[in-house]
Amino acid sequence: MVKISFNSIRVRFFRSLITTLTLALAVAFVSFTWSGYELLNAFFPHADGTVQAGILAGGYELENGRFGAGAKDQWLVILSLLVCVVGIVNAQLMAVTERFREIGTFKCLGALDSFVVRIFVLESIYQGLFGGFVGGLAGVLIATGSFLFRAGWICLACWPPGSMLLTVAGTTLLAVVLSLLGAIYPALVAAKMQPAIALRNEE
Amino acid sequence: MRSETLGRDIMNPDLSHNVVRLSEVTKVFKMGNNVVEALKGVNFSIKAGEYISIMGPSGSGKSTLFNMIGALDKPSTGRVFIDEVDVAQLDAYELAWLRCRKIGYIFQTFNLIQVMTAIENVTLPMIFAGMSRDEYMEKGMVLLRLVGLAERCHHKPSELSGGQQQRVAVARALANDPAIILADEPTGNLDLSTGEEIIALLKQLSTERKVTIISATHDIKMLNVSDRVVWIRDGRIDRVEERDKLKISIGQVA
């Protein structure tokens, strides 16, 4: 008995970590795509000819003198957003659905529906903030690293701190909103359930 | 206002009134194309301070009946009255209030919150009831002392044995001095001697605090302490046995 319950708490710890990690990864992809274009736009005009030629040969397309505006690039951004939405919403849906029984217990002890929903809203905000920030940062770092490798030190010299910060902030916000979206729906369903039905769920 | 009058009822129970009354309660579960009638018209009343055991084979509707009495599920037809208030008439807020203060629940699977310590589990219903931190911490420790787990108050459920977890659950059920304690197979996951400990604890609460104890069980040990035993078969009350008439009369005098 002790062993089983001990395992269940360990599972919960890793579970929460996995949810946050999923969030971070999904956001990292978006952040990588966005910050890549930002960085490219910032240093491209200052780079010398061979570097410019190398980047154009690498598949990046200039559209009206800017990167990231072409049809292919737009698709890439949309695709990364889609992966982010599906990934985060799914991760939160699963994480909350697993805890129906806990919600049933809360309700037996006299918790209001709003209390149950509030707990999950708070949890998903924390996870969204943490996962989104880590993921956003990772995306920016990876984008910087990859262009450092391609174009050399020029991209560091022209590194745009303002727009990079904006990218991290934007992706963090995205993660929070999406993780809320994914958590609120099952939490609402569970809170409205009769406690007996919520308690019947396997943990 | 209302909480005060109910609070007085708990302190000084009127032994003649019905704490729980079921009238023609049925419950139908739809599972795909199958319709399962779990309860087929149950009429029963339970008086304040009684120790009731609901016995029956598995699948007899015991747990469903338990859920109806505890306002954890809605009957398909019929009415459930708790303190002569029709549960179906209550809104979500009043239901939460009822579950919080009027009824204490004990489950076969303990249902403690795994990520909280013993004291946090016990104080949770008091937080829902709006007590101050000092109040609920003090009362939480009193309750843990009552079940003999004061020194383990900062242990998580995973660090406690099954019997200890169930004792934490008993302490939690007592948090807001409920008039009714509902126990769904409280000894089902415990070994013989720990099961007996829990039964003794429940009996002690019933005699000392005049709490109404209703427990669904198929543990024969429960019979010895019950005032009345209700046998359920196929969703109906088969028979009601008054185990010990003497015990009931003593209970009423006291």
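Both backbone and side-chain heavy atoms feed into the values below; hydrogens, waters and symmetry mates do not. Order of the sequence lines fixes the chain letters, A, B, ..., with proteins taken first and strands second; residue numbering starts at 1 for each chain.
Of residues 27-34 of chain B, those residues lying under 4.5 Å from chain A by any heavy-atom pair are B/Phe29. Residues of residues 68-82 of chain B that come closer than 4.5 Å to chain A, counting heavy atoms only, are B/Leu72, B/Asp73, B/Lys74, ordered by residue number.
Pairing each heavy atom of B/Asn111 with each of A/Thr105, the nearest pair is O-CG2, 3.0 Å. Shown here for A/Gly110 and B/Cys100, the closest heavy-atom pair between the two residues is CA-CB, 3.6 Å. Taking each heavy atom of B/Arg99 and A/Lys107 in turn, the nearest pair found is CD-O, 3.4 Å. When all heavy atoms of A/Ala111 and B/Phe128 are compared, the closest pair comes out as CB-CZ, 3.5 Å.
The ring-ring contact (aromatic ring centres under 6.0 Å, His included) search around A/Phe106 returns A/Phe115, not counting sequence neighbours. Residues forming a side-chain hydrogen bond (donor to acceptor under 3.5 Å, both in side chains) with B/Thr194 (at least two apart in sequence, or on another chain): B/Asp191.
Residues B/Phe107 and A/Cys108 are in side-chain contact: their nearest non-hydrogen atoms beyond the backbone lie under 4.5 Å apart. Looking at heavy atoms from C-beta onward, B/Thr109 lies in side-chain contact with A/Arg101 at the 4.5 angstrom threshold.
When heavy atoms are compared at a cutoff of 4.5 Å, B/Tyr93 approaches chain A by way of both its backbone and its side chain.
Heavy atoms from other residues, nucleotides or ligands lying under 6.0 Å from CE of B/Met141 number more than 12. Enclosure of atom CD in A/Gln74 by more than 12 non-hydrogen atoms of other residues, nucleotides or ligands within 6.0 angstrom is indicated. The neighbour count for B/Phe44 CZ, taken as heavy atoms of other residues, nucleotides or ligands under 6.0 Å away, is above 12.
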